[in-house]
**Q** 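I am attaching a structure below and will ask some questions about it afterwards.
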Amino acid sequence: MKEMHTTYDPKEFEDRVYEKWMEEGSFRAEADPAKIPFTVMMPPPNITGQLHMGHAMDETIQDVIVRFKRMQGHSVLWLPGTDHASLATEHKIVEKLRAEGTSKEELGREEFLRRAWAWKEQYGGTIISQLKKLGSSCDWSRLAFTLDEKCSRAVKEAFFRLYNKGLIYRGSRIINWCPDCKTALSDEEVAYSEDAGNFWYFNYPVKGTEEYITIATTRPETMLGDTAVAVNPSDERYAKFVGKTLILPIVGREIPVVADDYVDMEFGTGAVKITPAHDPNDFEVGLRHNLPMIRVLNDDGTVNAEGGKFEGLDRYEARKRIVAEMGEKGLLVKVEPHTHNVGHCHRCNAVLEPIVSKQWFVKMKPLAAPAIHAVMQNKTKFVPDRFAKIYFNWLENIRDWCISRQLWWGHRIPVWYCDDCGETICARETPQKCPKCGSERLHQEEDCLDTWFSSALWPFSTLGWPEETEDFKYFYPTDVLVTGYDIIPFWVMRMMFSGLEQTEKVPFRDVLIHGLVRDEQGRKMSKSLGNGVDPLEVIEKYGADSLRLSLVTGVAPGNDTRFTDAKVEASRNFINKIWNASRFVLMNAEGEIPPLAEVRLQPADRWIISRLQTTIREVTLSLQKYDLGIAADKLTDFAWSDFCDWYIELSKPALYGDDAERKRGTLSVLMFVLENTLKLLHPFIPFVTEEIYGYLPHAKGSIITADYPRYNTKLAYKKEAKAFEGVIDLIKTVRAMKVEVGCPPTKKVPLYLVTEQKRLVAVNKMSILRLAGASDVDFVESGAEAGEKPVSKVCELGQIFIPLGQLVDIEAERKRLEKELERVIGEIARAESKLTNKNFVAKAPKKLVEDEAAKKEKYLDMKARIETQLKLL
RNA sequence: GGGGGCAUAGCUCAGCUGGUUAGAGCGCAUGCUUCACAUGCAUGAGGUCACAGGUUCGAGUCCUGUUGUCCCCACCA
């Protein structure tokens, strides 16, 4: 047999183990009718992305679930992929081109796309290799990309269907425009932040009078596009002006004063300049009052021809000059500092401009309704369910989705226009001629679709939809979607309504939501703060298993968590423990080890086997509920405390003793428990468990495809396990007594026991001596037989006496006993108060009442013993 | 303005549908170099579960309110 290294060294085997899994095809999914499918779609990371801690956690959670289900015998498909991330990627490539001294306009669409694909080939794979480092057991043979042929086909199909149902339309509306990226954005892609700015108060002269109306604005440059001033209809201050005409300063345009409820009398001056082309609210006012819309900004944020002499200036330069000119004209009343929420581009952080523009939209109301119902009817469940509320809140307040982007890297909108008759044609394939006039002079819509339009189809586009492929039939709908709460509006919601609309099924049964990984101080990890921790560096230092375990322990679903080195270290220490415990078992494993069924089990054996069964049940239940943190907690507790600290220590007398049969029996139990523990641990720490599994003499195949342990009632040994807890309690009590009286732990002491469990103690005598640091155990009827000046303590098995002679400080011993007595009396009082409560006895479950009565008896017995001992002192 | 989270040991956090003496890790104290592991072992100190009410035989857990704190959405030009 190969020898295990003396220390746990993940670098030595992690890559090798992953290679082995790949070679064995362990991740490959098959549509096996004999099995129950279990499907998870990986949230596709952006091809531009680097693996960050958020991914690491998301991936780990999925991998734990997927490995668990695979071991349970499901036909598991975990489908990986990447997102073309149209805006993010295009932004990157544009920057690269700029550095090379060229631009996308210069290259033209075709050449630009060629470069983009080349870029994708070169860098798009990095995140994939990083996922492998983490141990992700996804089916790489099905690797998808939102811009590949399969997904593109689905996108066209979905668009086509929505268009024909009238759920996609083109129209001029106020949208969020990024002057840097030069594209429209959806409402969800706007990031608001409180920015310091100013409030400029301007006087607008009333035509033909000496009077003015004072308005306040945060964006003076938009005045170039003002087409009215609005006041509240019930505002008496301005009643006389309604219907009058103002002269827009600088521009000289005559604009009306209109009355509209939208205006808040309390805010600012109570008079609002109206710029319908550059503000969503003004846009609405403009529609109500039939105001002209005058767009004054170009796509790059400079002033256009409508701005007269300001044409060509950047918006901020124009702002400065306009303010200056208003000042010169004596129309600037005052300037106040003012912080307000400003929308920024999700991608490049530039300040967005609301601009009226012709774009494509998805009509949301008809799509949102079924998505709401599906969750209400529990067809899809959020875990934790509080996120359903957030989901509802979003969908109930949803507005139409702007899906067109003025970008090239993405799915080009499948719409063509006829150059002759102007007909709009939506088609799956490029049409040859206009169906209306027959003209062959057609040109395709220039715009691309929002990246999220293709992501929304991810659960089924990756399976070949709209074709009824084997994969689609077998693996769809998927079982669980794992993602962070920040993605609900972008993605979860859109997959839900898209899935329901296109496939008439919910795309997933459960949505498992996790929180954010924060830094040590609880701050969001971000590029600008530079506080992000690179998962790959952590893997390099501690191994992937340690990182994985640290990311799921002590974490509740949906809650944020902090990443600390200390946590990873704790995980590493645990894994090292497992490594060494395994090494211990294997070092002692000599000769033929009989299977568990052929072994006569000792009380300690039954105890650890029982504990294992309990752990199997608890861990399985927790994992089924997606309580990974609880599962990991129970598991580490069992493995470290019960197995390593107790059972292995208990096993040593047998292993080092002369009784060959008992030794083989103990080895059998050690091997059985170790193997099962490794299996339970495998989803969390796959590499090290696979590596150790390879050393087990009985193990067949790989642990990744082994059967997950099942709770076995026959091995539960509930009563015996409970009885054995008494032995553990005895050992702990003796240890504590020795420490309390200052007896050196190395000094072996004789024990005298008053107990009714003589057999149990006798059978475990060697272990008790070893673990408690005792020289001998004798049974007595009372403390009087326990030699000179014994200290005593009651424990579950009865009462322990240790004659310590000189070592004992009588006064200290009395105090100790009195304190103990006090505690016991307190417990008796507590139990009694419950038992004398008629309502408790009548209404509480019988079991609880019985337990309470038993407890009282136990404490009464203890009390009597302590009192006797006090008298003896 | 709307929605949501959090408040439990010095620190970071678990605690499911109400029922043990409220737990873990780290830290702290004390003691252990024996052959799996000092990335270890043992023992221990440390909590009026934010506050006030309520429901209940019974509340860290459910309800109402208060305070503090964080997040998301909307947004006053």
**Q** Could you tell me the Watson-Crick or G-U partner of C16(B), where both distances fall under 3.5 Å? Say none if there is no partner.
**A**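 Pairing partner, where one exists within any strand: none, as none qualifies.
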**Q** Using a heavy-atom cut-off of 4.0 Å across all strands, would you classify Tyr485(A) as base, sugar-phosphate, or nothing?
**A**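 Since no nucleic acid heavy atom lies under 4.0 Å of Tyr485(A), the category is nothing.
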**Q** Please name the residue in the list Ile274(A), Leu291(A), Val229(A) that meets the side chain to side chain contact (heavy atoms under 4.5 Å, CB included) test with Ile255(A).
**A**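 Single side chain to side chain contact (heavy atoms under 4.5 Å, CB included) partner of Ile255(A) among Ile274(A), Leu291(A), Val229(A): Val229(A).
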**Q** Classify the ring geometry of Phe241(A) against Tyr238(A): parallel below 30°, tilted from 30° to 60°, perpendicular beyond 60°.
**A**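 Plane angle between 30° and 60°, so tilted.
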**Q** Angle class for the Tyr485(A)/Phe387(A) ring planes (parallel below 30°, perpendicular above 60°, tilted otherwise)?
**A**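 Parallel.
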**Q** Does a side-chain N or O from His340(A) land closer than 4.0 Å to OP1 or OP2 of A77(B), or not?
**A**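 Yes, because at least one side-chain N or O of His340(A) sits under 4.0 Å from OP1 or OP2 of A77(B).
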**Q** In whole Å, what separates the P atom of C35(B) from that of C16(B)?
**A**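 That atom pair is separated by 43 Å.
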**Q** Given that both distances must come in under 3.5 Å, which nucleotide forms a Watson-Crick or G-U wobble pair with G10(B)?
**A**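 By the stated definition (distances under 3.5 Å), C26(B) pairs with G10(B).
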**Q** Measure up the Phe643(A) and Phe638(A) rings against each other and bin them: parallel (under 30°), tilted (30 to 60°), perpendicular (over 60°).
**A**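 Rings of Phe643(A) and Phe638(A): parallel, as their planes differ by under 30°.
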**Q** G2(B), OP1 or OP2 - any side-chain N/O from Trp394(A) closer than 4.0 Å?
**A**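 Checking Trp394(A) against G2(B): no side-chain N or O falls below 4.0 Å of OP1 or OP2.
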**Q** Does any nucleotide pair with A45(B) by Watson-Crick or G-U wobble geometry, both distances under 3.5 Å, and what is it?
**A**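 Partner of A45(B): none.
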**Q** Does A77(B) pair with anything, Watson-Crick or G-U wobble, both distances under 3.5 Å, and if so, with which nucleotide?
**A**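 Check on A77(B): unpaired, no WC or wobble geometry under 3.5 Å.
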**Q** Compare side-chain N and O positions of Arg562(A) against OP1 and OP2 of C13(B) and report whether any pair is under 4.0 Å apart.
**A**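 Yes.
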**Q** What nucleic acid atoms does Asp264(A) come within less than 4.0 Å of, heavy atoms only: base, sugar-phosphate, or nothing?
**A**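 The residue Asp264(A) makes base contact.
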**Q** Paired with A59(B) by Watson-Crick or G-U wobble geometry, both distances under 3.5 Å: which nucleotide is it?
**A**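 Partner of A59(B): none found under 3.5 Å.
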**Q** Write down the distance separating the C1' atoms in U61(B) and C71(B), rounded off to the nearest Å.
**A**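 After rounding to an integer number of Å, I get 24 Å for this pair.
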**Q** Any strand counts, and the cut-off is 3.5 Å on both contacts for Watson-Crick or G-U wobble. Which nucleotide pairs with U39(B)?
**A**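 U39(B) is paired with nothing.
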**Q** Under a 3.5 Å cut-off for both distances, is C51(B) Watson-Crick or wobble paired, and to whom?
**A**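 Pair assignment: C51(B) / G65(B).
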**Q** Looking only at atom C1', what distance separates C51(B) and G46(B), rounded to whole Å?
**A**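 After rounding to an integer number of Å, I get 23 Å for this pair.
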**Q** Does U21(B) have OP1 or OP2 sitting under 4.0 Å from an N or O in the side chain of Lys855(A)?
**A**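 So the side chain of Lys855(A) is within the cut-off, an N or O lying under 4.0 Å from OP1 or OP2 of U21(B).
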**Q** Phosphate oxygens OP1/OP2 of A77(B): is one of them under 4.0 Å from a side-chain N or O of His338(A)?
**A**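 Result: yes.
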**Q** So, is Tyr656(A) close to the A36(B) phosphate, meaning a side-chain N or O under 4.0 Å from OP1 or OP2?
**A**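 It does, given that an N or O in the side chain of Tyr656(A) lies less than 4.0 Å from OP1 or OP2 of A36(B).
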**Q** Regarding Arg572(A), tell me which of base, sugar-phosphate or nothing describes its non-hydrogen contacts under 4.0 Å with the strands shown.
**A**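 Base contact.
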**Q** What integer distance in Å separates Lys381(A):NZ from U17(B):P?
**A**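 It works out to 15 Å between those atoms.
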**Q** Quick check: do Lys793(A) and Val791(A) have side-chain heavy atoms less than 4.5 Å from each other?
**A**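 No, side chains not in contact.
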